[in-house]
Amino acid sequence: MFIKNELVNFLNETRMYLNPMENKFLRLVLESFNKNFGFQMEIEECQHDNCDLRIDAVLKMKTQNMEFKFSAEIKSIVNLSVIGFMLHHKNDFSCAQLLVSNYINPIMAEKLKNNGINFIDAAGNAYINTPPVFIFVKGNKEKKEQAVSSMGKAFTPSGIKMIYALLCNKMLIDKSYREIAKTSGIALGTVGRVIENLKKLGFVIDMGSRGKKLTSSKALFDRWCIDYAEKLKPKLLLGTFEGPDDFWKEFHLEPDQGQWGGEVAAFKLTNYLKPENAIIYVIDEKLRDIVLQNRLKRTKKGNIEIFKNFWPIDAKQDKSIVHPFLIYADLLEINNQRTIETAKVIYDQNIAGYFRKS
DNA sequence: TAAGGGGAATAGTACATCCT
DNA sequence: AGGATGTACTATTCCCCTTA
């Protein structure tokens with residue numbers, strides 16, 4: 001079953017078909033949705049030949065005399081970055097978006113509704129706003145036994161570090177496990193496990209004697225952004241601090257201390273966004289110096305967030321900002337109008353090129 | 001709210017196998 | 001032979017969930 005998918009993915013970087021687990025999951029959710037709400041929502045066999053954009057599935061919902069189409073996006077977790085992601089891709093397709101997940105909590109349900117993002121989940125929560133159909137249900141409790149959780153064994157904190165390294169350097173996947181471990185900043189024993197899981201998910205193809213290849217890297221990156229925000233980034237937070245208005249213009253930050261992420265990096269890259277909040281990725285031993293040099297005050301709700309950088313120190317690194325992948329991921333999580341617009345620009349100008357067919 | 005029990009993740013290392 | 005490589009294994013850490 002995987003062979004065919006892998007071959008197709010191999011031939012076309014930008015497409016990603018549902019893997020068997022996602023397919024099964026989607027059918028389960030649709031079944032319960034139809035039962036709960038008395039609609040007929042089903043998967044439409046997509047004409048892949050003419051859709052160049054990545055999409056998980058096209059769904060068709062029938063009522064008495066009408067038919068609606070949705071572009072479905074399946075996500076195993078739902079956080080602010082998912083909302084950012086949905087907003088980024090809001091106008092990619094002619095049909096309305098529909099987020100499909102295992103469980104969407106009441107807070108996220110409200111946020112999704114406020115942003116006009118349709119969703120359904122396995123617990124029976126839903127928001128569908130396609131006049132004359134209107135559904136909004138939240139508060140149903142999470143069901144434990146769902147299968148989606150097993151979809152992401154590669155996306156553990158160290159797995160996320162490794163995937164970042166793989167995305168930044170596509171050649172790395174074909175190097176020795178020791179080199180991958182060193183470049184990613186993770187343990188040797190972890191590398192094999194992550195690769196195995198990436199193979200299962202269809203992101204790595206083993207071509208035997210011809211080595212390994214990273215595939216569907218655009219989809220992998222999209223997934224990485226969300227899991228990074230959920231599982232790795234919170235662990236990296238060293239503290240939040242307060243600075244004066246426009247502090248970042250005068251901020252003293254040496255390249256060997258750390259780099260700008262988030263809005264400031266986005267501004268330096270595009271000139272589009274006037275930063276209001278700052279994210280800085282620092283080498284954690286340098287935190288004290290940075291705080292002292294810039295007279296930062298530690299506060300709970302400061303506008304400066306300082307994170308520990310998780311990639312090994314690169315001697316050639318002399319830029320003042322982090323990799324566009326990280327900047328984009330930071331912006332997605334902020335997800336207001338300004339940052340999403342900027343995220344789009346950065347995606348088009350600085351990221352899309354990594355995923356073009358070669 | 002604090003403590004602590006238990007399980008998952010992972011760093012680090014030892015070892016078997018492969019390659020030159 | 002001897003270094004390089006992937007895998008098996010273990011000790012430790014971390015985090016979540018229960019319990020008082």
Side-chain angles (χ1 to χ4, degrees), chain A residues 2 6 19 21 25 75-82 101-108 121-123 139-215 220 223-240 281-285 287 300 305-314 326 329 333:
Chain A
F2 268 112
E6 286 174 359
N19 67 42
M21 272 180 295
F25 171 72
K75 296 284 179 222
S76 55
I77 45 181
V78 175
N79 56 19
L80 289 175
S81 297
V82 170
S101 186
N102 181 44
Y103 170 66
I104 289 162
N105 69 44
I107 295 164
M108 283 299 145
D121 76 5
N140 277 318
K141 294 278 190 296
E142 180 173 15
K143 290 181 188 170
K144 282 285 169 199
E145 78 290 355
Q146 284 303 327
V148 254
S149 54
S150 67
M151 271 156 49
K153 291 222 178 86
F155 294 85
T156 57
S158 57
I160 291 163
K161 289 182 188 175
M162 188 180 129
I163 291 165
Y164 175 74
L166 292 176
L167 287 167
C168 289
N169 174 11
K170 282 190 181 182
M171 295 296 111
L172 185 62
I173 187 66
D174 215 21
K175 299 282 165 53
S176 76
Y177 283 19
R178 278 172 178 76
E179 188 168 343
I180 295 174
K182 198 170 154 234
T183 311
S184 311
I186 66 172
L188 172 63
T190 307
V191 174
R193 190 178 50 79
V194 175
I195 288 183
E196 271 317 299
N197 281 290
L198 287 177
K199 276 192 210 166
K200 274 193 188 143
L201 293 170
F203 292 118
V204 167
I205 299 175
D206 199 331
M207 301 179 296
S209 59
R210 289 187 297 138
K212 296 188 206 67
K213 191 181 189 302
L214 200 64
T215 186
L220 180 59
R223 170 95 192 255
W224 177 85
C225 290
I226 288 153
D227 285 70
Y228 168 66
E230 183 78 12
K231 296 179 201 150
L232 179 57
K233 197 174 174 185
K235 290 175 193 287
L236 304 173
L237 185 65
L238 295 173
T240 57
Y281 289 91
V282 308
I283 292 154
D284 55 349
E285 303 89 63
L287 176 67
K300 279 231 163 87
E305 287 180 300
I306 300 189
F307 294 88
K308 184 165 68 173
N309 75 352
F310 61 88
W311 55 96
I313 302 146
D314 181 353
L326 258 183
E333 205 184 3

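Order of the sequence lines fixes the chain letters, A, B, ..., with proteins taken first and strands second; residue numbering starts at 1 for each chain. These figures come from a predicted structure and were not determined experimentally.
Nucleotide C:dT5 holds its C1' atom 12 Å from the CD1 atom of A:Ile180, rounded to whole Å. Rounded to an integer number of Å, the gap from A:Ile186 CD1 to C:dG6 P is 13 Å. In this entry the distance linking CG of A:Asp174 with P of C:dT5 reads 12 Å, nearest Å. The nearest whole Å value for the distance from the CZ atom in A:Arg178 to the P atom in B:dG12 is 14 Å. Look at OH on A:Tyr177: it is 14 Å from C1' on C:dA8, rounded to the nearest Å. The nearest whole Å value for the distance from the CZ atom in A:Phe155 to the C1' atom in B:dT10 is 18 Å. Rounded to whole Å, atom P of B:dA9 lies 15 Å from atom NZ of A:Lys161. When the P atom of B:dA16 is taken as reference, atom CG of A:Leu188 falls 16 Å away, rounded to whole Å.
A sub-4.0 Å separation between OP1 or OP2 of B:dA11 and a side-chain N or O of A:Thr190 is present. Taking only side-chain nitrogens and oxygens, A:Lys235 comes nearer than 4.0 Å to OP1 or OP2 of C:dC15. Under 4.0 angstrom from either OP1 or OP2 of B:dA8 there lies no side-chain N or O belonging to A:Thr156. Put simply, A:Arg193 has a side-chain N or O that comes within less than 4.0 Å of OP1 or OP2 on B:dT10.
Using cut-offs of 30° and 60° on the angle between ring planes, the pair A:Tyr281 and A:Phe310 is perpendicular.
Geometric assessment of A:Lys233 against the ring of A:Phe307 yields a positive cation-pi assignment under the 6.0 Å and 45° thresholds.
Between A:Phe155 and A:Trp224, the distance from one ring center to the other does not fall under 6.0 angstrom.
Side-chain N or O atoms of A:Asp121 include none that pairs as donor or acceptor with a backbone N or O of A:Ser101 at under 3.5 Å.
The residue A:Gly192 sits apart from the nucleic acid: no heavy atom pair falls under 4.0 Å.
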